[in-house]
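These notes concern the structure reproduced below.
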Amino acid sequence: MGSGGRPPAPGSGGPQRPGSDEGHVQGRLERVRAAVAARAAKGAARTRALVRRVERTPPPPGPFRPGFWRSPLRGPWLTSVFGLVLLIGIPLIFVTGMLSYASYNPGLGRINDQTPDKDLLGFYLFDWPTHPYWLYRLTQGVHVTLGVVLVPVLLAKLWSVIPKLFEWLPVRSVAHGLERLSLLMLVGGVIFEFVTGIINIQLFYVFPGSFYTLHFYGAWVFIAAFVVHVSLRLGRMTRALRSRSLAAELRTDLAHTRPEPPDPDGLVPIAPAPPTMTRRGALAMVGGGSLLLLVVTAGQSIGGWLRGTALLAPHNRTPGSGPNAFQINKTAASVGVTPARVGPAWRLEIHGPGPTLVLTRAQLLAMPQHAAALPIACVEGWSTPNQQWSGLRLADLAALAGLPDARSVLVLCGGISSGAATRTSPRPGTSGGTPPTASAPSRGTRETGFLPPALPNAVIRPRRNAPRH
């Protein structure tokens, strides 16, 4: 207050409260910023100190220590040789595997598709062609045979890079952590795909779920990691392959075998042991193992006299002679098909927009029959030569039901055996509409002395022909 109790006049030099408050707030903000910066700097210093302390931590004993891996053969060149073989073979296995998935015609309905949540992963699907009828036998034979043949190469590749799996520290930074994660997906994915595939072709079903589903999604996870890995390592692989001559390595004896120069990836041992094998010997051992697996596997897909060499085939290599001298997937007894179930009381029911048609086996045999010579080609990679099938075309049966233009038909076994259901197409130009496609109420091949699993009605299609009931 001024003299006489009056407030000071404006501009008289008295205290200005608003200005004073703004300065006070500004000062507090500056102090807060300084405190935050100090704490951040202190935290960063502590983090750096912790990282330095962790980096100085000695690795655990065993494979985490650099001196544990001492093979003088291990190095970028040998790793790249094995990698080049896998770079050629794995995409071919992936493509033929995706073709096998397409051959199930999952687009015809959920009963054919055990991966309904695939979304974009099924972008390439197409109607499997009816000709050439041996196409699935070829693609699946390549898929299974090549997968088995590449096992020694895969094991050799994993051996050559195993020091990377045990490097210390496991994670040094965010970028390094992401690289390790991609490596885990790559190694874990390839082991999962090869192991589950080999178990499946041996008919050893120990999976926690459907092999079809597990193998399909696992393949996409693995191929994504594979593409990332190739993108990051292709340049290094090319330089490593050019660093040494394959011809020179094949002429190098044990006395002149030397370790490769040190590499930034740490594959070359820091204290290599004396060599006990040449790189030529390592390549010969891996190549010989693959060749041996080819000999004992390929015959189940090629057939002929080579079938006797297919020691790893899951089915009988010598089925004997006569009209039934061919392999089948399952016998009638194994799926519960008994003579009582396929006797005179058996009926075929055809449901359409009109009344249900009920036909006996004799009535079906009295109708115009169609014959076709088709192989049995199974997802496990084995196949047979062409077998003679006869019966009615699905298109003709659909027409009887009042559906001459039906896009697909659902085939159910109805008490003959459990779990027998499929959806297929009777349309011309698709997997079920050409004359070779038949609903076979008679027999596959000539006179039979046993009950095939397909009797008295099977869907025979010129593609994945382990007969469907």
Side-chain angles (χ1 to χ4, degrees), residues 59 62-91 93 146-168 170 176 179-180 182-195 222 225-250 252 254 256-293:
F64 291 96
R65 297 194 173 180
F68 183 85
W69 308 103
R70 302 189 60 196
S71 172
L73 304 185
R74 191 178 279 115
W77 182 83
L78 189 60
T79 296
S80 298
V81 171
F82 296 139
L84 179 61
V85 176
L86 294 176
L87 182 60
I88 297 172
I90 284 180
I93 293 177
L146 186 57
V148 173
V149 167
L150 286 183
V151 168
V153 183
L154 174 64
L155 294 177
K157 176 67 160 60
L158 293 177
W159 169 86
S160 71
V161 299
I162 198 170
K164 292 288 293 179
L165 302 180
F166 292 94
E167 68 178 11
W168 190 261
H176 185 250
E179 179 186 359
R180 300 288 288 175
S182 68
L183 189 62
L184 176 64
M185 294 174 59
L186 178 70
V187 176
V190 73
I191 292 176
F192 176 83
E193 287 298 294
F194 272 73
V195 169
F222 164 67
F226 181 79
V227 170
V228 171
H229 183 75
V230 170
S231 301
L232 296 176
R233 298 288 178 171
L234 185 60
R236 294 187 185 184
M237 185 187 79
T238 303
R239 290 190 296 270
L241 290 173
R242 292 175 177 174
S243 67
R244 304 173 84 88
S245 168
L246 176 61
E249 287 295 335
L250 295 179
T252 302
L254 184 63
H256 295 87
T257 298
R258 299 289 184 272
E260 297 185 41
D263 66 304
D265 293 324
L267 297 179
V268 180
I270 60 175
T276 58
M277 177 185 288
T278 63
R279 292 182 179 85
R280 173 182 61 193
L283 294 175
M285 181 177 65
V286 175
S290 292
L291 180 61
L292 177 62
L293 289 175

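Heads up: numbering here begins at 1 and tracks the sequence.
Taking 4.5 Å as the limit, every side-chain heavy atom of Arg258 sits out of range of all side-chain heavy atoms of Thr252. A heavy-atom distance below 4.5 Å is not found between the side chains of Val149 and Leu291. Two residues are said to be in side-chain contact when any heavy atoms from C-beta on lie closer than 4.5 Å; Leu246 and Leu283 meet this criterion.
Applying the side-chain hydrogen bond (donor to acceptor under 3.5 Å, both in side chains) rule to Ser80 yields no partners; only residues at least two apart in sequence or on another chain are considered. Residues satisfying the ring-ring contact (aromatic ring centres under 6.0 Å, His included) test with Phe64, not counting sequence neighbours, are Phe166, Trp168. Taking Leu155 as the reference, Val151 meet the side-chain contact (heavy atoms from CB on, under 4.5 Å) condition, with sequence neighbours excluded. Here Thr276 pairs with nothing under the side-chain contact (heavy atoms from CB on, under 4.5 Å) rule; sequence neighbours left out. The side-chain contact (heavy atoms from CB on, under 4.5 Å) test applied to Leu254 returns Pro275, Thr278, not counting sequence neighbours. Phe222 pairs by the ring-ring contact (aromatic ring centres under 6.0 Å, His included) definition with Phe226, not counting sequence neighbours. The side-chain contact (heavy atoms from CB on, under 4.5 Å) check on Val286 picks up Phe82, Pro152, Val153, Ala156, with sequence neighbours excluded. The side-chain hydrogen bond (donor to acceptor under 3.5 Å, both in side chains) check on Arg279 picks up nothing, with sequence neighbours excluded. Remark: Arg239 pairs with no residue by the salt bridge (charged side-chain N to carboxylate O under 4.0 Å, His left out) rule, at least two apart or across chains.
Under a 4.0 Å N-O distance rule, the pair Arg280/Glu249 does not qualify as a salt bridge.
Residue pairs meeting the side chain to side chain donor-acceptor pair (under 3.5 Å) criterion with at least one member in residues 260-273, sequence neighbours excluded, are Arg233-Asp265, Arg236-Asp265. The salt bridge (charged side-chain N to carboxylate O under 4.0 Å, His left out) pairs that include a residue from residues 151-163 number zero, where partners must be two or more places apart or lie in different chains.
The two residues Pro76 and Ala240 make their nearest non-hydrogen contact at O-CB, 3.7 Å. For the pair Ser160 and Leu267, the tightest heavy-atom approach, listed with the atom from each and the gap, is O-CD2, 3.7 Å. In plain terms, the two heavy atoms of Met237 and Gly83 that are nearest each other are SD-C, 4.2 Å. Gly89 and Leu146 make their closest contact through O-CD2, 3.6 Å (heavy atoms, listed as atom of the first residue, atom of the second, distance). The minimum heavy-atom distance linking Pro272 with Pro259 is given by the pair CG-CG, 3.7 Å. In this structure, Val148 and Leu293 approach most closely via the heavy-atom pair O-CD1, 3.3 Å.
Interatomic distance, NZ of Lys164 versus CG of Leu158, reported as 14.5 Å (0.5 Å rounding).
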* Asked: What do the steps show when you test Glu167 against Arg180 for side chain to side chain contact (heavy atoms under 4.5 Å, CB included), and what is the final call?
  -> CA-CA 10 Å; Glu167 68 178 11; Arg180 300 288 288 175; 3.4 Å; yes

* When you look at Leu232 and Val228, which way does the side chain to side chain contact (heavy atoms under 4.5 Å, CB included) test go after all the steps? -> CA-CA 6 Å; Leu232 296 176; Val228 171; 4.0 Å; yes

Distance-only check: which donor-acceptor pairs under 3.5 Å involve side-chain atoms of residues 68-75, not counting sequence neighbours?
residue: Trp69; atom: NE1; partner: Pro63; partner atom: O; Å: 3.0
residue: Arg70; atom: NE; partner: Ala271; partner atom: O; Å: 2.9
residue: Ser71; atom: OG; partner: Leu73; partner atom: N; Å: 3.3
residue: Arg74; atom: NE; partner: Trp159; partner atom: O; Å: 3.1
residue: Arg74; atom: NH2; partner: Trp159; partner atom: O; Å: 3.2

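No donor-acceptor pair under 3.5 Å is formed between the side chain of Ser290 and the backbone N or O of Gly287.
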